Amino acid sequence: MRKIIIAGNWKMNKDASETSKFCSELGTYLKKHDNERVLPLIAPVFPFLSQAQGILRSLPVAVAAQDVSSHAEGAFTGEVSAAQLCSLEVRHCIIGHSERRQYHGETDALIREKLLRLLENGIIPIVCIGETLQQREQGRTEQVIISQLEGCFDQITIAAGDQIVIAYEPVWAIGTGKTATSGQAQEVHALIRNWLQTSYGSQAAADIHILYGGSVKPDNIRELLEQKDIDGGLIGGASLKIDSFCTMIGLACELSSAGGN
Ligand code: 13P
């Protein structure tokens with residue numbers, strides 16, 4: 001059965017002491033609010049991954065990376081490999097975020113290479129896809145989503161649904177305060193699950209978590225999580241404040257015990 005994943009993508013925010021403070025406070029919260037059907041996850045910047053892991057060790061929370069190199073090892077200044085993340089016991093890694101596509105020219109083919117490096121190292125990729133406002137207004141959302149899925153997963157074998165996570169993040173909803181309506185989000189999530197079913201079979205499709213991202217906050221997360229195919233949130237701005245992050249974990253715990261999702 002799928003859990004609810006409440007994932008904070010910190011992007012390029014928080015220094016060493018802010019990271020420690022947040023993790024200590026999160027640890028205190030999670031000691032009192034452990035729920036096996038909810039997985040909180042934070043993604044700090046590379047330099048603070050092990051610090052966050054140290055503070056949160058043995059607590060029910062995942063510490064993820066925000067990106068990984070498409071190369072296995074060698075002369076690639078500034079890059080971090082999947083094997084290096086694996087040696088830190090990092091178990092999740094975001095790839096293909098729209099900010100990487102937009103500002104660093106990442107293509108589906110490159111994201112596919114990153115996906116392979118992660119799978120080779122037993123790390124769960126959180127693969128981000130999503131359409132721009134222009135593409136939505138042109139009625140091309142479905143075509144764009146399918147083409148991103150086909151590009152990122154071209155000839156990739158998935159043995160079980162717990163090996164990957166997909167995040168649907170409409171570009172026009174990221175950092176804009178404009179959330180997709182729960183209906184709009186559910187429609188695309190159903191499309192993604194349908195594609196997964198055709199590509200990887202019913203069992204894998206039923207087990208794969210599909211997160212929604214784009215201006216998720218305590219005020220709108222409940223309605224999103226109530227949708228059948230939305231298994232959590234990939235949250236930017238609202239994940240940076242401990243109170244709002246914990247509020248969203250709390251809401252997910254409530255929904256999971258009410259039999260929601
Ligand atoms: P916001 O929640 O700030 O819109 O960011 C979403 C996002 O990009 C998460 O990866």
Side-chain angles (χ1 to χ4, degrees), residues 4-14 18-19 22 26 39-46 48-49 52 61-68 90 92-106 108 111 114-115 118 123-133 135-136 141 144-145 148-149 152 164-182 184-186 188-189 192 209-225 227 230-252:
I4 303 178
I5 301 178
I6 302 296
N9 174 10
W10 287 2
K11 310 190 178 183
M12 202 171 68
N13 292 293
K14 294 197 189 293
E18 289 163 342
T19 299
F22 186 106
L26 180 60
L39 175 66
L41 175 153
I42 55 164
V45 291
F46 286 130
F48 308 140
L49 283 172
V61 52
V63 177
Q66 294 179 19
D67 190 25
V68 70
V90 167
H92 297 80
C93 179
I94 298 168
I95 50 172
H97 193 280
S98 71
E99 287 149 16
R100 304 249 10 129
R101 292 174 185 258
Q102 192 179 342
Y103 306 134
H104 302 273
E106 295 200 1
D108 292 330
I111 296 159
K114 295 185 174 196
L115 179 71
L118 292 173
I123 298 174
I124 300 169
I126 302 175
V127 185
C128 301
I129 54 175
E131 81 287 1
T132 62
L133 183 59
Q135 290 164 337
R136 177 162 280 264
T141 301
V144 169
I145 295 297
Q148 289 175 336
L149 287 167
C152 293
I164 59 160
V165 172
I166 292 181
Y168 167 56
E169 299 206 311
V171 179
W172 49 272
I174 296 177
T176 57
K178 267 195 202 171
T179 327
T181 63
S182 51
Q184 282 173 322
Q186 166 57 28
V188 179
H189 280 235
I192 295 168
H209 290 79
I210 310 175
L211 313 183
Y212 169 79
S215 298
V216 176
K217 46 185 184 272
D219 289 352
N220 60 23
I221 195 167
R222 175 186 286 274
E223 204 187 327
L224 289 159
L225 292 180
Q227 305 304 309
I230 300 185
D231 307 313
L234 183 56
I235 306 151
S239 75
L240 294 171
K241 293 220 162 66
I242 188 70
D243 291 350
S244 73
F245 192 58
C246 291
T247 300
M248 292 187 282
I249 296 171
L251 281 167

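For the single chain, residues carry numbers from 1 onward in sequence order. Please read all numbers here as calculations on a predicted model, not as lab measurements. We count ligands from 1, going down the list as the structure has it; atoms in each ligand are counted the same way.
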Q: Determine yes or no for a side-chain-to-main-chain donor-acceptor pair under 3.5 angstrom, with R100 supplying the side chain and Q66 the backbone.
A: no
Q: Using atom types as modelled and distance alone, determine if a side-chain donor or acceptor of Y168 lies under 3.5 Å from a backbone N or O of I192.
A: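 No; judged by distance alone, with no hydrogens or angles, the pair does not exist.
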Find all atoms of ligand 1 within a distance of less than 4.0 Å from any non-hydrogen atom belonging to [X], and give their numbers and elements.
X    : result
S215 : 1 (P), 2 (O), 4 (O)
G214 : 4 (O), 6 (C)
A173 : 4 (O)

Q: Apply side chain to side chain contact (heavy atoms under 4.5 Å, CB included) to T176 and list each qualifying residue two or more places apart in sequence or on a separate chain.
A: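 Expected list: K178, S215.
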Q) Residues in side chain to side chain contact (heavy atoms under 4.5 Å, CB included) with L240, at least two apart? A) W10, N13, K14
Q | Pairwise side-chain contact, H189 with I145, heavy-atom cut-off 4.5 Å (strictly under) | A | no
Q | Close side-chain approach of V63 to L49, heavy-atom, < 4.5 Å | A | yes
Q | Part of K217 with heavy atoms under 4.0 Å of ligand 1, whether side chain, backbone, both or neither | A | neither
Q) Using heavy atoms and a threshold below 4.0 Å, how should the contact between L234 and ligand 1 be classified: side chain, backbone, both, or neither? A) both
Does an N or O anywhere in [X] fall below 3.5 Å from an N or O of ligand 1?
X    : result
N9   : yes
E99  : no
G175 : yes

Q. Between E169 and H97, is a side chain to side chain donor-acceptor pair (under 3.5 Å) present by the stated rule, with each step listed?
A. CA-CA 8 Å; E169 299 206 311; H97 193 280; 3.1 Å; yes
Q | Nearest-option assignment for atom 5 (O) of ligand 1, heavy atoms, candidates K178, K11, E169 | A | K11
**Q.** Minimum-distance protein heavy atom relative to atom 3 (O) of ligand 1
**A.**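 Ranking protein heavy atoms by distance from atom 3 (O) of ligand 1, first comes G237 N, 2.9 Å.
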Q) Which protein non-hydrogen atom lies closest to atom 6 (C) of ligand 1, naming both residue and atom, and how far is it? A)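 The closest heavy atom on the protein side is G236 N, 3.7 Å.
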Q: Run through L41, L118, I164, I166 and flag the one making a side chain to side chain contact (heavy atoms under 4.5 Å, CB included) with I126.
A: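 Considering L41, L118, I164, I166, a side chain to side chain contact (heavy atoms under 4.5 Å, CB included) with I126 is found only for L41.
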